Enquirer: 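Shown below is the structure under consideration.
Atom set for the values below is all heavy atoms of this structure, side chains included, hydrogens, waters and symmetry mates excluded. Keep in mind it's a predicted model, so treat the numbers as computed, not measured.
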Amino acid sequence: TLGVRSVSANKSSTIDIVKQIISARCFLSVISFLLGIFGIIFCIQDQNIRTISLFYLISLFPSALMLDWFFQGHSKMNTLAIGRLLGMMTYILTIVVIVSDSKDIYWIPIAWSFGLLIQAMFLWNRYNNYYKPNNNNKKSSSLFEIIKQAIPFGISGFISHSVNQFPIIYLGFVSTPESTGIFSVAFRLVIFLLVLDRVFYTIFFPAISKSYKDSKEKLEKQIVWTLKIVTTVSLFVAVILFILSGNIISIIFGFEYYDSIIIFKILLFYFILTFINSVFTFTLIGIQKENLYTKSILIGAVFFIITFLL
């Protein structure tokens, strides 16, 4: 997120930004890898799970080298889409070709890392072809300054993911597997539908970051216009899904998950609010108010957990 905003607002110094962001990502990946190894050794007893977890940890390194944020900031959506398609196809094809029984399960995280590596290599190739070094003598931020700037994004991301996973984890402890499964089906379907939200973020965030720097006078009109479009689209999609919810659940998951329909209908309100909230979220981040965003998401998370437990 920090990289996308920096590239969108400072396209004349992209080489420096790439060096700074990649250095910070690699440093944090090493720290995360070491912490992950520590957690695997002391928290996981099953050897198979340990091995699979270790292989998934390796994916931190190709992820750190990824330049998807750079092309998003430059609004190069075609390059971004091709890179992700190559990575996903590599992942799927590796599994299809190699994995044939339970003994090959270790190849799944290896295939995931390999897919990320192919995607990273493709994006670096495009980066080297499109963007050449410049003579910008602007002083670069240090590694720890970049990490300090990224802390609010990390905290808010952690809170957001924790809140999303909390209901299923909590139900796993206090409810029956059947009830947890019924809720999980509806919730996962809504999460899948929020791909629309990710597409919106990919386009909206670089645009709002650039507008904040170039023309603050037009920023308010752009936000209002975007909010109207997002509200209309999210309501339209939610209404269609509400009407077809019974057929959707039955076709995808089967009639045994019929009880998930009412939960899915309720969670459609979550879908609408999340979509609309993204306008405010990425506007705050785009205008460099990430500390305010982090505080707001923390307050919202506390309120959500208290309400859920009641």
Enquirer: For T231, give me all partners under side-chain contact (heavy atoms from CB on, under 4.5 Å), at least two apart in sequence or on another chain.
Expert: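 Partners of T231 under the side-chain contact (heavy atoms from CB on, under 4.5 Å) test: L227, L235, I276.
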Enquirer: Just do the side-chain contact (heavy atoms from CB on, under 4.5 Å) check on V190 and F264 with the steps written out, would you?
Expert: CA-CA 7 Å; V190 171; F264 177 67; 3.7 Å; yes
Enquirer: Tell me, please, which residues at least two apart from R188 pass side-chain hydrogen bond (donor to acceptor under 3.5 Å, both in side chains).
Expert: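 In terms of side-chain hydrogen bond (donor to acceptor under 3.5 Å, both in side chains), with neighbours along the sequence ignored, R188 is linked to Q165.
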Enquirer: May I have all residue pairs that pass side-chain hydrogen bond (donor to acceptor under 3.5 Å, both in side chains) and include part of residues 234-254, sequence neighbours excluded?
Expert: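 For residues 234-254, and leaving out neighbouring residues, there are no side-chain hydrogen bond (donor to acceptor under 3.5 Å, both in side chains) pairs at all.
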Enquirer: Considering all heavy atoms of both residues, which atom of L284 and which atom of L292 are nearest to each other, and what is their separation?
Expert: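 Result for this residue pair: CD2-CD2, 3.9 Å.
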Enquirer: Count the heavy atoms of every other residue, nucleotide or ligand shown that sit under 6.0 Å from CZ of F200, and state whether that count exceeds 12.
Expert: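 Yes.
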Enquirer: Ignoring hydrogens, what is the shortest heavy-atom contact between R50 and I44? Give both atom names and the distance.
Expert: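 Shortest heavy-atom separation between R50 and I44 comes out as NE-O, 2.6 Å.
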Enquirer: Quick one: side-chain contact (heavy atoms from CB on, under 4.5 Å) partners of I262, sequence neighbours excluded?
Expert: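 Partners of I262 under the side-chain contact (heavy atoms from CB on, under 4.5 Å) test: I266.
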Enquirer: State, with a plain yes or no, whether a side-chain heavy atom of F187 is found less than 4.5 Å away from one of L267.
Expert: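 A side-chain contact under 4.5 Å exists here.
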Enquirer: Are I229 and F280 grouped together when hydrophobic residues (ILVMFWY) are joined by side-chain heavy atoms under 4.5 angstrom apart?
Expert: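 Cluster IDs for I229 and F280 match.
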Enquirer: Do you reckon F236 sits in the same ILVMFWY cluster as I248, going by side-chain contacts under 4.5 Å, direct or chained?
Expert: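 Yes, F236 connects to I248 through the hydrophobic network.
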Enquirer: Between F192 and I252, is the side-chain contact (heavy atoms from CB on, under 4.5 Å) condition met? List the steps.
Expert: CA-CA 13 Å; F192 172 76; I252 298 177; over 6 Å; no
Enquirer: Could you list the donor-acceptor pairs under 3.5 angstrom formed between side-chain atoms of residues 103-120 and any protein atom two or more places apart in sequence or on another chain?
Expert:
residue, atom, partner, partner atom, Å
D104, OD2, S100, N, 3.1
D104, OD2, S100, OG, 3.0
Y106, OH, N48, OD1, 2.4
S113, OG, S59, N, 3.4
S113, OG, P109, O, 3.3

Enquirer: Closest approach of Q72 and L80, non-hydrogen atoms and distance?
Expert: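 Distance-wise, the nearest heavy atoms are CB-CD2, 4.2 Å.
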Enquirer: List in chain and number order the residues that pass side-chain contact (heavy atoms from CB on, under 4.5 Å) with L60, two or more places apart in sequence or in another chain; answer none if no residue qualifies.
Expert: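 With neighbours one apart ignored, the set is S29, S32, F33, L57.
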Enquirer: What residues, two or more places apart in sequence or in another chain, satisfy side-chain hydrogen bond (donor to acceptor under 3.5 Å, both in side chains) together with N125?
Expert: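 With neighbours one apart ignored, the set is N129.
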Enquirer: For the atom pair CD1 (I263) and OH (Y257), what is the distance rounded to the nearest 0.5 Å?
Expert: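 Spacing of CD1 (I263) from OH (Y257) equals 12.0 Å.
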Enquirer: Please identify each residue that fulfils side-chain hydrogen bond (donor to acceptor under 3.5 Å, both in side chains) with Y56, with sequence neighbours left out.
Expert: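 In terms of side-chain hydrogen bond (donor to acceptor under 3.5 Å, both in side chains), with neighbours along the sequence ignored, Y56 is linked to no residue.
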Enquirer: Does the structure place the NZ or CZ of K265 under 6.0 Å from the centre of the six-membered ring of F242, at an angle of no more than 45° from the ring's axis?
Expert: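 Ring-cation test returns yes.
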Enquirer: Hey, what do you get for OG (S260) to CZ (F253), rounding to the nearest 0.5 Å?
Expert: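 Between S260 OG and F253 CZ, I get 7.5 Å after rounding to 0.5 Å.
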Enquirer: Using atom types as modelled and distance alone, determine if a side-chain donor or acceptor of N277 lies under 3.5 Å from a backbone N or O of L273.
Expert: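 It does not hold such a pair.
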Enquirer: Assess the residue pair L67 and W69 against the criterion (side-chain contact (heavy atoms from CB on, under 4.5 Å)); give the C-alpha distance rounded to whole Å, side-chain angles, the decisive distance to 0.1 Å, and a yes or no.
Expert: CA-CA 5 Å; L67 286 176; W69 54 271; 3.8 Å; yes
Enquirer: Can you tell if the side chain of W124 reaches within under 4.5 Å of the side chain of V18, non-hydrogen atoms only?
Expert: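 Counting from C-beta outward, W124 and V18 do come under 4.5 Å.
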Enquirer: Going by ring pair (Phe, Tyr, Trp, His ring centres under 6.0 Å), name the residues that satisfy it together with F38, two or more places apart in sequence or in a different chain.
Expert: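 F38 satisfies ring pair (Phe, Tyr, Trp, His ring centres under 6.0 Å) with F42 once adjacent residues are dropped.
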Enquirer: For the CD1 atom of I261 and the CG atom of L244, what is their distance to the nearest 0.5 Å?
Expert: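 It is 11.5 Å, given to the nearest 0.5 Å.
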Enquirer: Using side-chain contact (heavy atoms from CB on, under 4.5 Å) as the criterion, list what pairs up with Q45, not counting sequence neighbours.
Expert: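 Partners of Q45 by the side-chain contact (heavy atoms from CB on, under 4.5 Å) criterion come out as none, since no residue qualifies.
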Enquirer: Between V30 and I41, is there a shared hydrophobic cluster once you connect ILVMFWY residues whose side-chain heavy atoms come closer than 4.5 Å?
Expert: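 Same cluster.
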Enquirer: When clusters are formed by joining ILVMFWY residues with side-chain heavy atoms under 4.5 Å apart, either directly or through shared neighbours, do V185 and F255 land in the same one?
Expert: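 Different clusters: V185 never reaches F255 through Ile, Leu, Val, Met, Phe, Trp or Tyr contacts under 4.5 Å.
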Enquirer: Taking R25 for its side chain and S63 for its backbone only, find out whether a donor-acceptor pair lies under 3.5 Å.
Expert: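 Yes, the answer is positive, given that a donor and an acceptor are paired below the 3.5 Å cut-off.
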Enquirer: Closest approach of F271 and L193, non-hydrogen atoms and distance?
Expert: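 Answer, listing the atom of F271 first, then L193: CE1-O, 3.7 Å.
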Enquirer: Working to the nearest 0.5 angstrom, can you tell me the gap between I49 CD1 and I40 CD1?
Expert: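 Answer for the CD1-CD1 pair, I49 versus I40, is 11.0 Å.
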Enquirer: How long is the gap from CD1 on I82 to CG on L123, to the nearest 0.5 Å?
Expert: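 These two atoms lie 10.0 Å from each other.
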Enquirer: List for me each residue that meets side-chain hydrogen bond (donor to acceptor under 3.5 Å, both in side chains) alongside T176, sequence neighbours excluded, and say none if there are none.
Expert: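 Partners of T176 by the side-chain hydrogen bond (donor to acceptor under 3.5 Å, both in side chains) criterion, ordered by chain and then number, come out as S179.
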Enquirer: In residues 86-97, what donor-acceptor pairs under 3.5 Å come from side-chain atoms, sequence neighbours left out?
Expert:
residue, atom, partner, partner atom, Å
T90, OG1, L86, O, 2.7
T94, OG1, T90, O, 2.6

Enquirer: Does CG belonging to N78 count more than 12 external heavy atoms closer than 6.0 Å?
Expert: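 Counting other residues, nucleotides and ligands, CG of N78 stays at 12 neighbours or fewer.
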Enquirer: Test side-chain contact (heavy atoms from CB on, under 4.5 Å) on V230 and S278; report intermediate values, then the result.
Expert: CA-CA 9 Å; V230 166; S278 291; over 6 Å; no
Enquirer: Return the CD to CD distance between E178 and E256, rounded to the nearest 0.5 Å.
Expert: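 So the CD of E178 and the CD of E256 are separated by 12.5 Å.
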Enquirer: How close do D197 and T274 get, heavy atom to heavy atom, and via which atoms?
Expert: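 Looking at all heavy atoms of both residues, the shortest contact is OD1-O, 4.0 Å.
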Enquirer: Quick one: do V302 and F158 end up in the same hydrophobic cluster if we chain Ile, Leu, Val, Met, Phe, Trp and Tyr together by side-chain heavy atoms under 4.5 Å apart?
Expert: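 In one cluster with V302: F158, no.
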Enquirer: Can you see which heavy atom on T283 is nearest to which on V279, and at what distance?
Expert: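 Looking at all heavy atoms of both residues, the closest pair is OG1-O, 2.5 Å.
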